[in-house]
Amino acid sequence: PGRDGAASLRIYEASGRSTPGVAIRFHAPLASARETNLLGDSTRDLPVDDGVVRVDLAPFEIRTIELRLGAAPSRG
């Protein structure tokens, strides 16, 4: 669980290689995704495209993503 009803996802690059374009797919609808630091402070918004969040990982990097579940905002 994350802050204010959000879910936190922590990922780790374990192979020691840069890994660009990692796609994390969710079956639940996502309203938003935001990268946070290890303390849970927001650092930047991440685009969500049809339930997929993409990130680039550096060797041995730890990333934390705060997820808001629910219907995505309508476009247009």
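The analysis underlying the following values was restricted to heavy atoms, covering all of them including side chains, and did not include hydrogens, waters or symmetry mates.
Smallest separation of non-hydrogen atoms from Leu69 and Ala28: CD2-CB, 4.4 Å. Taking both residues in full, the closest heavy atoms of Ile11 and Ile65 are given as CD1-CD1, 4.5 Å, listed atom of the first, atom of the second, then distance.
Evaluation of the side chain to side chain donor-acceptor pair (under 3.5 Å) rule for Thr36 yields no partner, not counting sequence neighbours. For the salt bridge (Lys or Arg N to Asp or Glu O under 4.0 Å) test, residues two or more places apart in sequence or in another chain that qualify with Arg44 are Glu35. Qualifying salt bridge (Lys or Arg N to Asp or Glu O under 4.0 Å) partners for Asp45, counting only residues two or more places apart in sequence or in other chains: Arg34.
Residue pairs meeting the salt bridge (Lys or Arg N to Asp or Glu O under 4.0 Å) criterion with at least one member in residues 52-62, sequence neighbours excluded: Glu61-Arg63.
In the hydrophobic clustering, where aliphatic and aromatic side chains (Ile, Leu, Val, Met, Phe, Trp, Tyr) are joined below 4.5 Å either directly or transitively, Phe60 groups with Tyr12, Leu38, Ile62.
No option in Leu9, Asp50, Val48 other than Leu9 meets the side-chain contact (heavy atoms from CB on, under 4.5 Å) test with Phe26.
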Which side-chain N or O atoms in residues 14-25 pair as donor and acceptor under 3.5 Å with protein atoms at least two apart or in another chain?
from	atom 1	to	atom 2	distance (Å)
Ser15	OG	Glu13	OE2	2.4
Thr19	OG1	Arg17	O	3.0

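How far OG of Ser32 is from CG of Leu67: 8.0 Å, rounded to the nearest 0.5 Å. Rounded to the nearest 0.5 angstrom, Asn37 CG and Leu39 CG are separated by 5.0 Å.
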